[in-house]
2 protein chains.
Amino acid sequence: MDAKTQARYEARAAVIKAMAHPTRLFIIDELSRGEKCVCGLRDLIGADISTVSKHLSVLKDAGILEDEKRGQQVFYRLRVPCILNFFGCVEDVLVANARRMSAAVRK
Amino acid sequence: MDAKTQARYEARAAVIKAMAHPTRLFIIDELSRGEKCVCGLRDLIGADISTVSKHLSVLKDAGILEDEKRGQQVFYRLRVPCILNFFGCVEDVLVANARRMSAAVRK
DNA sequence: AATTCATTTGGTAATTTTGCCAAATAAGCA
DNA sequence: TGCTTATTTGGCAAAATTACCAAATGAATT
């Protein structure tokens with residue numbers, strides 16, 4: 001694999017890596033219903049606010065979210081809604097996996 | 001976030017995490033054009049065969065690939081083709097990021 | 001200006017991931 | 001059977017990720 005190809009796949013992996021965490025998937029799902037402030041997400045997630053903030057930074061740096069400061073709160077929202085299409089296919093994989101598991105048990 | 005919700009997002013994240021590596025994205029892309037044996041992928045990737053084999057295991061364990069041994073070779077193929085839909089959106093994110101970068105420079 | 005509230009940043013320890021080597025396994029062939 | 005080829009597995013050191021706490025920043029309010 002040449003350097004240029006390598007770089008292209010690294011860029012893609014960076015975006016996917018940003019989504020590859022349960023909390024960050026939850027955030028994406030939550031923001032699909034509209035923007036939310038950091039404190040709102042913290043309440044839903046139940047982790048330390050600094051942890052939530054860092055997850056949001058990861059998603060923002062990857063280009064998946066954008067933020068806007070209004071008053072003393074920072075609101076985050078999805079920048080690229082097509083990200084949501086991922087969920088359907090991931091769910092398909094999980095269903096297929098469940099089938100595979102139960103088939104393995106039957107053997 | 002309650003335990004059940006947590007578990008659901010962990011399962012989803014496991015699938016996405018399996019894709020979150022440049023070499024594994026390359027493998028998915030390559031297999032979208034048809035099955036390939038481990039050695040074929042190794043030639044394209046240029047890493048140690050054991051490294052390639054482990055990447056394939058990660059994708060297989062996640063339910064993204066399936067394998068079949070024929071003779072002394074093992075062939076891998078996509079088990080859930082909808083995975084390919086991801087690439088389009090990831091590309092959109094990258095294009096948006098490129099725009100964002102150049103806009104930042106102009107300022 | 002001092003205080004408060006929301007958020008980010010720095011630092012750190014624990015955990016996970018990665019890639020290579022060497023050794024084990026498995027199938028086909030001499 | 002012994003040998004070669006293809007792949008997987010075990011082990012390990014280096015690198016990356018994660019979550020928390022404490023401290024810093026920044027805007028609004030007193």
Side-chain angles (χ1 to χ4, degrees), chain A residues 1 3 5-7 9-28 30-31 35-62 64-77, chain B residues 1-3 5-7 9-28 30-31 35-77:
Chain A
M1 186 152 40
T5 305
Q6 175 74 22
Y9 283 98
E10 270 169 19
R12 290 173 178 172
V15 175
I16 295 183
K17 204 180 285 192
M19 304 201 305
H21 188 285
T23 300
R24 295 200 290 267
L25 284 184
F26 176 83
I27 289 172
I28 291 172
E30 210 47 53
L31 295 185
E35 65 170 24
K36 282 203 166 52
C37 68
V38 182
C39 54
L41 289 165
R42 190 237 4 235
D43 293 345
L44 291 167
I45 293 165
D48 192 277
I49 184 108
S50 71
T51 301
V52 174
S53 175
K54 276 177 185 171
H55 280 308
L56 289 164
S57 288
V58 170
L59 289 167
K60 183 187 163 190
D61 291 348
I64 295 170
L65 303 185
E66 58 189 4
D67 63 343
E68 186 185 350
K69 186 156 197 169
R70 291 204 301 273
Q72 40 191 350
Q73 293 175 320
V74 177
F75 291 86
Y76 280 87
R77 57 177 167 263
Chain B
M1 185 153 41
D2 64 288
T5 305
Q6 175 75 21
Y9 283 98
E10 269 169 19
R12 289 173 181 172
V15 175
I16 295 181
K17 202 181 287 192
M19 302 201 308
H21 188 285
T23 300
R24 294 199 290 268
L25 284 183
F26 176 83
I27 289 171
I28 291 171
E30 209 48 53
L31 295 184
E35 65 169 26
K36 281 201 166 54
C37 67
V38 182
C39 53
L41 290 165
R42 190 238 3 236
D43 292 345
L44 290 168
I45 293 165
D48 192 278
I49 185 109
S50 72
T51 301
V52 175
S53 175
K54 276 178 185 170
H55 281 308
L56 289 165
S57 287
V58 169
L59 289 167
K60 182 187 164 190
D61 291 347
I64 295 170
L65 303 185
E66 58 189 5
D67 63 343
E68 186 185 351
K69 184 156 197 169
R70 291 205 301 271
Q72 42 189 349
Q73 292 175 320
V74 178
F75 290 85
Y76 280 87
R77 55 176 169 263

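Naming convention: chains lettered A, B, ... in sequence-line order (proteins, then strands); numbering from 1 in each chain. All of these numbers come straight from a predicted model, not from anything done at the bench. Only heavy atoms go into these numbers, but all of them, side chains included; no hydrogens, no water, no symmetry mates.
- A distance of 10.5 Å separates CE of A:M1 from CG of B:L41, quoted to the nearest 0.5 Å.
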(message) For a quick check, with a 4.0 angstrom heavy-atom cut-off, what is the B/S/- contact string for nucleotides 12-22 of chain C, read 5' to 3'?
(response) -----SSSBBB
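- Every side-chain contact (heavy atoms from CB on, under 4.5 Å) that A:K60 has, sequence neighbours left out, goes to A:D67, A:Y76.
- For the pair B:E10 CD and D:dT18 P, the computed distance is 13 Å after rounding to whole Å.
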Please list every donor-acceptor pair under 3.5 Å in which a side-chain atom of residues 45-53 of chain B meets a protein atom from a residue at least two apart or in another chain.
| residue | atom | partner | partner atom | Å |
| --- | --- | --- | --- | --- |
| B:D48 | OD1 | B:S50 | N | 2.9 |
| B:D48 | OD1 | B:S50 | OG | 2.8 |

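- Two residues are said to be in side-chain contact when any heavy atoms from C-beta on lie closer than 4.5 Å; B:V74 and B:K69 meet this criterion.
- Between the CG atom of B:L44 and the NZ atom of B:K36 there is a distance of 6.0 Å, given to the nearest 0.5 Å.
- One interatomic measurement links the two molecules: CG of B:L59 to C1' of D:dT8, which rounds to 16 Å at whole-angstrom precision.
- In this structure, B:D67 atom CG and D:dA6 atom P are separated by 17 Å, rounded to whole Å.
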(request) Spell out protein contact along nucleotides 1-7 of chain C as letters: B when the base is contacted, S when just the sugar-phosphate is, - when no protein heavy atom is under 4.0 Å; keep the 5' to 3' order. (result) ----BSB
Please output the side-chain donor-acceptor pairs of residues 11-23 of chain B that fall under 3.5 Å, not counting sequence neighbours, one pair per line with the distance.
| residue | atom | partner | partner atom | Å |
| --- | --- | --- | --- | --- |
| B:R12 | NE | A:E91 | OE1 | 2.9 |
| B:R12 | NH2 | A:E91 | OE1 | 3.2 |
| B:H21 | ND1 | B:T23 | N | 3.0 |

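- The ring pair (Phe, Tyr, Trp, His ring centres under 6.0 Å) search around B:F26 returns A:Y9, not counting sequence neighbours.
- Counting only heavy atoms from C-beta outward, the side chains of B:L31 and B:L59 never approach each other to under 4.5 Å.
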